[in-house]
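For reference, the structure discussed in these notes is given below.
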Amino acid sequence: LVVPRPIAWVSSRSPEGVDNLAPHSFFTVVSMVPPLVAFVSSGRKDSVRNIEATGEFVVSVTPASVMEQVNITGTSFPPDVSEFDQAKVTREPAATVDVARVAESPAALECSLHSVVELGDGLLVVGQVRHIAVAEHVLKERGGGLHPEIESVNPVSRLGLDEWGVLGEIHTLTREKPA
């Protein structure tokens with residue numbers, strides 16, 4: 001019932017140099033200062049093991065144009081197999097961490113590990129955002145600065161089971177200011 005859920009397309013690198021890429025649909029921002037994001041892994045999978053070993057990861061935004069590839073990277077491949085290769089996803093170097101970003105993604109958050117907390121059957125992975133990369137073609141002038149335009153980013157979300165969501169009608173509401 002908690003839908004839509006944004007997808008953290010998490011890339012990590014094993015100590016042996018294997019690039020891992022996996023979607024995690026329990027994902028959110030947890031702090032602005034310092035900038036922290038978090039995702040939950042159901043069990044200690046390759047993403048978590050790699051992040052714990054190296055202290056680094058990247059969260060790429062999942063645009064609708066690569067929904068099939070995102071789904072493929074959710075497959076439980078052996079640790080020595082790269083989901084980048086299996087899903088035919090293009091790697092690009094990150095600016096601040098030794099982990100590949102997804103070139104097809106319009107935005108990525110480069111993170112260092114803040115903490116891992118075991119909660120029930122999940123592992124909450126919290127990362128401090130070190131760098132935000134946003135493709136110029138999704139940036140629009142708004143409110144006196146450049147901001148990502150959600151229609152251009154066109155993120156896909158998880159709804160449950162095999163159901164995925166894309167953007168629908170968007171409403172703009174100005175927050176009321178207290179008197």
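Sequential numbering from 1 along the given sequence is applied to the chain's residues.
Note that CH2 of W164 and CG of N71 are 5.0 Å apart. Values are rounded to the nearest 0.5 Å. With values rounded to the nearest 0.5 angstrom, F26 atom CZ is found 11.5 Å from I7 atom CD1. Atoms CD1 and OG, on I150 and S152 in that order, are 9.0 Å from each other to the nearest 0.5 Å. Residue C111 holds its SG atom at 9.0 Å from CD1 of I132, rounded to the nearest 0.5 Å. Atom-to-atom distance recorded for D80:CG and D46:CG is 9.5 Å, nearest 0.5 angstrom. Within the model, atoms CG of L21 and CD1 of I72 stand 11.0 Å from one another, a figure rounded to the nearest 0.5 Å.
Using a 4.0 Å cut-off between a side-chain N of Lys or Arg and a carboxylate O of Asp or Glu, E110 and R101 qualify as a salt bridge. Remark: E56 does not engage R130 in a salt bridge, criterion side-chain N to carboxylate O under 4.0 Å.
Looking only at side-chain heavy atoms (C-beta outward), L123 and R44 come within less than 4.5 Å of each other. P6 is not listed as a side-chain neighbour of S157, based on a closest heavy-atom distance of 4.5 Å or more. For the pair F27 and R5, the minimum side-chain heavy-atom distance is 4.5 Å or more.
With R13 as reference, D98 is the one residue of D98, N20, T54 to meet the side-chain hydrogen bond (donor to acceptor under 3.5 Å, both in side chains) rule.
Between H24 and F39, the two ring planes are tilted [angle within 30° to 60°].
Not counting sequence neighbours, E149 has no partner by the salt bridge (Lys or Arg N to Asp or Glu O under 4.0 Å) test.
Of the possible polar contacts, one joining the S14 side chain to the V18 backbone as a donor-acceptor pair under 3.5 Å is found. Panel note: side chain R158, backbone L161; a donor-acceptor pair is recorded below 3.5 Å. Remark: side-chain polar atoms of S105 are paired, donor with acceptor, to backbone N or O of V61 under 3.5 angstrom. A donor-acceptor pair under 3.5 Å is formed between the side chain of E104 and the backbone N or O of T90.
Hydrophobic cluster membership is shared by V70 and V89, with clusters built from Ile, Leu, Val, Met, Phe, Trp and Tyr side chains linked at under 4.5 angstrom. Residues L36 and I51 are members of separate hydrophobic clusters, defined by side-chain heavy-atom contacts under 4.5 angstrom among Ile, Leu, Val, Met, Phe, Trp and Tyr.
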For residues 165-179, please give each side-chain donor-acceptor pair under 3.5 Å, one per line with the distance, not counting sequence neighbours.
none

